[in-house]
A.B. asks: 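Below you'll find the structure I mean.
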Amino acid sequence: MNNRVKQIVRFLISLKFGIILLIIIALYSVIGTVLPQHMPDEIYLQRYPSYGQLILALSLNRVYSSVIFTSLLVLFGLNLLGCTVKSLRGQLKQARKGFFPKTALIGEQMENSPDQADALAYFKYRKYQVEKHDRGFRAAKYRWGVLGPAVTHAGIIFVLAAGIISSAASREGFVNLLPGQEVTLDERGIALRLDDFYMTFLENGSVEQYFSDLTVSSGPDDQRSETIWVNRPMQYRGINFYQASFGWVSSLVIRDAETGETRTQRQMQDGQDFFFQPGHLTVVLYGFFPELAIGHNQQPVSLSHRQKNPHYGVVLYEFNRLAGTYIIGPGEVIRHGDWEITFSHSTLYTGILFRSDPSYPVALIGFIVLMLGMLISFYCYPRFAEYSDGALHTWSRKNGWVFHRTVSRHLDQS
Amino acid sequence: MDSIIYFENLTFNAAFILYIASSLLFFVYTAKLSEKTGKTAVLLTLGGFILHTAALTLRTIEAGRLPFSNQFEFAASFAWGIVLSFLVLHRIYRFTAIGAFVQPLAFLVMGYASMQSRAIRPLMPALQSHWLTVHVGTAVLSYGAFALACGIAVIYLIDSRREAGRRILKHPEVSDMLSYRVIVFGFFMLTVVIISGAIWAQQAWSRYWAWDPKETWSLITWIIYAVYLHLRIRRNWKGKAAAWFAVIGFISVLFTFIGVNVLLPSIHSYA
Ligand code: HEM
């Protein structure tokens, strides 16, 4: 390698560049939390006339999935890897048994020189490796602790790798199901059936927990049933099933007022609308209120999800003009022209989210290694002491003052 | 039940008043350096801390769970963590003057808590998890340590400009080292906060990381302290640069805790 390239590589794996990258990553992340994300391009151009172009050019409208952000993370991962590998050889040398830093004698010296026997007893009691010489002794502990930062960094590299695996290989989907309904999920032919969905309530009527009884199968002799709730997903063949949401579906019936003949019958969720061609009517189910009450500014609200006082909020349009708003009970009839409109039979459906993410175990390993590395770095850092000609010196690169103080206090007391 | 609430409020308010009093006394102490004032300030802090602990215990009894699940409870626990960190450090090193720069933070967070609704609400489904306890329990310790380290870093920044005789703590190297050790503890705890949060999110929301604003801000805070630690590795970056990062780090902690809830939309908003 010529010198130029060497210089560049040296910079790319330097701590300085690592810190610069970390700061840029932090700033970029800040923008992602402040600027609304994932909106149509035009909105940015409208709202921020002077910066709109810049926002789009730097992908600030989708920070965390942008190529720029991913590249920063990859670059950071390589920097960290390079930086860690570079110092590993020196660290392994220092972790070896006989290692003793040349600098130990320039460490801090105890004010009152302790008795050699006391000092020796103290270090032996504290499980230091002690090595005598003709003018005194040397003591060392946690030499292997020098590897702490490398372990910490390895943990971070695992977590970054998990992020890459996740964005490449995770799969996710969502279905709304009524009790008894079954769907086939994907090309693997896994069938998901909702056997039942229910909630439990607290005294004040708020929901305590949502439960779904699920049956998942990929063939007649491979099926499993489990109850899931929020915080307790079900796992099947690498796919996790989550209790994600719920809502009401209500049954709309439109009849011919004269003959009583049913012209239309369909299931509607809250907020949905339906265009009834024969009457040029649009029926909007504004919402189902299981326990109706009238809130501030005269709006209908539901006190709970228990069906104690069920009502429907319905809005009708005829030829796109508002034709009426109604609050009706189950089965109660709205008569409009030749038509009778009713809502009834509301039942709960549930939203089930399913996701497979092979990166999770990798992230978990990363988490454990990371915490272990930090414990080593912070609490098992190498400590050295040398007793020579009546003077005791202590030395630790990271935490010299605290280490010295601890040793001094114990020896002064004894 | 009602009497428990009564005593909880009583002990909480009494603790709050003692914290205000001790903050003032600590300031008097740093100005006059009379040993007696310092001792009284520490005793008032300790008294406040005992009452504060009683208030949190009463609330735990009343709610049947640890006081970790809304803005009031968390702020009250956060202030408790700050005072705890100070008292532990004081017990080991006896640097009374640090109280003047930490106790006001405890009092401010306590004041923020007292502005929140104190109603005891049942846990919503997403919060019903043992990970909540680990997640918030470690957050209390971590944030408490960062507050303490911020106070010490401010002392360092002031002292590094003064001549030797007029310093708050005699040796700036010692304040530098102390804030480093305290941040080390806070940083390790913050790592546990983030990891437990990730594991919990995997269970509750299907993703261990989703770039939710609260998550992202805790990561930003974590990065700031990581930069702090690395600045110290090079001798010439120790001291002032690192002290500024300790202060910025704590501002980021406060923003993660308060700012995100008030200013940014988040699935964490209910907490
Ligand atoms: C978020 C990212 C990072 C974290 C959480 C992290 C974590 C750590 C920790 C905990 C230590 C021990 C520090 C101490 O005991 O005070 C450490 C040391 C170190 N880190 Fe990092 N690190 C990160 C990124 C980096 C990067 C990008 C580089 C270099 C390019 C780097 C280079 C070093 C070096 C040289 C040491 C000192 C090793 C020693 O003291 O022997 N780190 N790191």
Side-chain angles (χ1 to χ4, degrees), chain A residues 15-16 18-19 22-23 25-27 29-30 32-34 36-37 63-65 149 156 159 162-163 166 170 172 199 202-204 206-210 229-233 240-244 353-355 357 359-360 363-364 366-368 370-371 374-375 377-379 398-402 405, chain B residues 92-93 121-132 171 173-174 176-178 180-181 184-185 187-188 191-192 194-196 198-200 202-214 216-217 219-224 226-227 229-234 237 252 260 263-266:
Chain A
L15 178 56
K16 195 181 206 172
I19 288 183
L22 274 177
I23 293 175
I25 288 169
L27 290 177
S29 308
V30 170
T33 66
V34 178
Q37 301 282 294
V63 164
Y64 309 113
S65 53
I156 294 169
V159 175
S166 175
S170 67
E172 180 177 309
M199 317 176 194
L202 294 163
E203 269 169 43
N204 68 0
S206 64
V207 176
E208 184 184 23
Q209 190 52 276
Y210 309 94
W229 58 88
V230 179
N231 269 313
R232 192 186 174 285
N240 285 320
F241 296 87
Y242 295 89
Q243 178 63 52
L353 186 135
F354 48 96
R355 184 175 164 87
D357 187 350
S359 76
Y360 186 54
L364 276 182
F367 293 161
I368 293 168
L370 175 57
M371 289 201 288
M374 285 192 177
L375 280 177
S377 299
F378 296 151
Y379 297 105
K398 263 188 202 152
N399 195 17
W401 183 77
V402 171
R405 190 177 175 280
Chain B
I92 306 174
Y93 296 106
R121 297 242 168 70
L123 285 183
M124 55 179 291
L127 292 182
Q128 294 166 19
S129 164
H130 291 302
W131 289 106
L132 171 73
H171 307 288
E173 316 84 71
V174 171
D176 179 61
M177 186 62 86
L178 273 187
Y180 164 66
R181 283 318 284 175
V184 153
F185 175 77
F187 186 64
F188 179 70
T191 309
V192 180
I194 295 176
I195 288 176
S196 58
I199 295 173
W200 182 14
Q202 174 77 11
Q203 282 183 6
W205 297 318
S206 82
R207 284 153 171 259
Y208 56 89
W209 195 262
W211 298 105
D212 161 84
K214 196 127 190 155
T216 307
W217 270 96
L219 179 70
I220 291 164
T221 306
W222 191 74
I223 290 179
I224 293 172
V227 170
L229 288 179
H230 289 80
L231 284 178
R232 301 183 54 86
I233 290 166
R234 297 243 183 128
W237 290 348
S252 177
V260 171
L263 300 174
L264 305 172
S266 157

A.B. asks: With only heavy atoms counted, which part of A:Ile368 is less than 4.5 Å from chain B, the side chain, the backbone, both or neither?
C.D. replies: neither
A.B. asks: If you round to the nearest 0.5 Å, how far is CG of B:Leu229 from CD1 of A:Ile19?
C.D. replies: 10.0 Å
A.B. asks: Sort B:Ser206 into side chain, backbone, both or neither according to what part of it lies under 4.5 angstrom from a heavy atom of chain A.
C.D. replies: both
A.B. asks: Going by heavy atoms in the side chains, are A:Tyr360 and B:Ile199 under 4.5 Å from each other?
C.D. replies: yes
A.B. asks: Applying side-chain contact (heavy atoms from CB on, under 4.5 Å), name anything that partners A:Leu22, two or more places apart in sequence or on another chain.
C.D. replies: A:Phe76, B:Ile223, B:Val227
A.B. asks: Under a 4.5 Å heavy-atom cutoff, which of A:Gln243, A:Glu172, A:Arg232, A:Met374 has the most pairs with chain B?
C.D. replies: A:Met374
A.B. asks: Applying side chain to side chain contact (heavy atoms under 4.5 Å, CB included) to A:Ser29 and B:Trp217, what does each step give before you reach the verdict?
C.D. replies: CA-CA 8 Å; A:Ser29 308; B:Trp217 270 96; over 6 Å; no
A.B. asks: Can you find a heavy atom in the side chain of B:Gln202 that is under 4.5 Å from one in the side chain of A:Asn240?
C.D. replies: yes
A.B. asks: Contact part of A:Ser377 toward chain B, heavy-atom cut-off under 4.5 Å: side chain, backbone, both or neither?
C.D. replies: neither
A.B. asks: Against chain B, label A:Leu27 side chain, backbone, both or neither, depending on which of its atoms sit under 4.5 Å from a heavy atom there.
C.D. replies: neither
A.B. asks: Kindly write out the residues that satisfy ring pair (Phe, Tyr, Trp, His ring centres under 6.0 Å) with A:Tyr242, not counting sequence neighbours, or none if the list is empty.
C.D. replies: none
A.B. asks: Quick one: which of A:Gln37, A:Arg355, A:Met371 has the most heavy-atom pairs under 4.5 Å with chain B, could you say?
C.D. replies: A:Arg355
A.B. asks: Kindly compute the distance separating CG (A:Asn231) from CG (B:Leu127), expressed to the nearest 0.5 Å.
C.D. replies: 8.0 Å
A.B. asks: Report which part of B:Trp222 has an atom under 4.5 Å of a heavy atom belonging to chain A: side chain, backbone, both, or neither.
C.D. replies: side chain
A.B. asks: Using non-hydrogen atoms and a 4.5 Å limit, figure out which bit of A:Asp357 sits close to chain B: side chain, backbone, both or neither.
C.D. replies: side chain
A.B. asks: I'd like to check B:Ile92 versus A:Arg405 (side-chain heavy atoms, cut-off strictly below 4.5 Å). Are they in contact?
C.D. replies: yes
A.B. asks: Between A:Gly366, A:Ser359, A:Gly163, which has the largest tally of heavy atom pairs under 4.5 Å with chain B?
C.D. replies: A:Ser359
A.B. asks: Here's one to test your reading of the geometry: is the NZ or CZ of B:Arg181 within 45 degrees of the ring axis of A:Tyr379 and under 6.0 Å from its centre?
C.D. replies: yes
A.B. asks: Would you call the rings of A:Tyr64 and B:Trp211 parallel, tilted or perpendicular if under 30° counts as parallel and over 60° as perpendicular?
C.D. replies: parallel
A.B. asks: Would you check if B:Phe185 and A:Phe378 make a side-chain contact, meaning some heavy-atom pair closer than 4.5 Å?
C.D. replies: no
A.B. asks: Mind ranking A:Leu202, A:Val207, A:Val30 by heavy-atom pairs under 4.5 Å with chain B and telling me who comes out on top?
C.D. replies: A:Val30
A.B. asks: Using non-hydrogen atoms and a 4.5 Å limit, figure out which bit of B:Ile194 sits close to chain A: side chain, backbone, both or neither.
C.D. replies: neither
A.B. asks: With respect to chain A, which residue among B:Ala226, B:Ser129, B:Ala198 yields the maximal number of heavy-atom pairs within a distance under 4.5 Å?
C.D. replies: B:Ser129
A.B. asks: Any chance the side chains of A:Trp401 and B:Asp176 put a donor and an acceptor closer than 3.5 Å?
C.D. replies: no
A.B. asks: Side chains of B:Pro125 and A:Trp229: closer than 4.5 Å at any heavy-atom pair?
C.D. replies: no
A.B. asks: Is the closest side-chain heavy-atom distance between A:Leu353 and B:Trp205 below 4.5 Å?
C.D. replies: no
A.B. asks: If you apply the rule side chain to side chain contact (heavy atoms under 4.5 Å, CB included), what do you find for A:Leu370 with B:Ile195, and how did you get there?
C.D. replies: CA-CA 10 Å; A:Leu370 175 57; B:Ile195 288 176; 4.3 Å; yes
A.B. asks: Taking A:Gln209 for the side chain and B:Gln128 for the main chain, is one N or O donor matched with an acceptor at less than 3.5 Å?
C.D. replies: no
A.B. asks: Give, as side chain, backbone, both or neither, the part of B:Tyr180 having an atom under 4.5 angstrom from any heavy atom of chain A.
C.D. replies: side chain
A.B. asks: Is A:Ala162 in contact with chain B via its backbone, its side chain, both, or neither, using a 4.5 Å heavy-atom distance?
C.D. replies: both
A.B. asks: As a quick check of understanding, evaluate side chain to side chain contact (heavy atoms under 4.5 Å, CB included) for B:Thr191 and A:Phe367, giving each step before the final call.
C.D. replies: CA-CA 9 Å; B:Thr191 309; A:Phe367 293 161; over 6 Å; no
A.B. asks: Are A:Lys398 and B:Arg232 packed together at the side-chain level, in the sense that at least one heavy-atom pair is separated by less than 4.5 angstrom?
C.D. replies: no
A.B. asks: Could you go step by step and tell me if B:Trp209 and A:Ser166 meet the side chain to side chain contact (heavy atoms under 4.5 Å, CB included) rule?
C.D. replies: CA-CA 10 Å; B:Trp209 195 262; A:Ser166 175; over 6 Å; no
A.B. asks: Which answer fits B:Leu178, side chain, backbone, both or neither, if we ask what part of it has an atom under 4.5 Å from a heavy atom of chain A?
C.D. replies: side chain
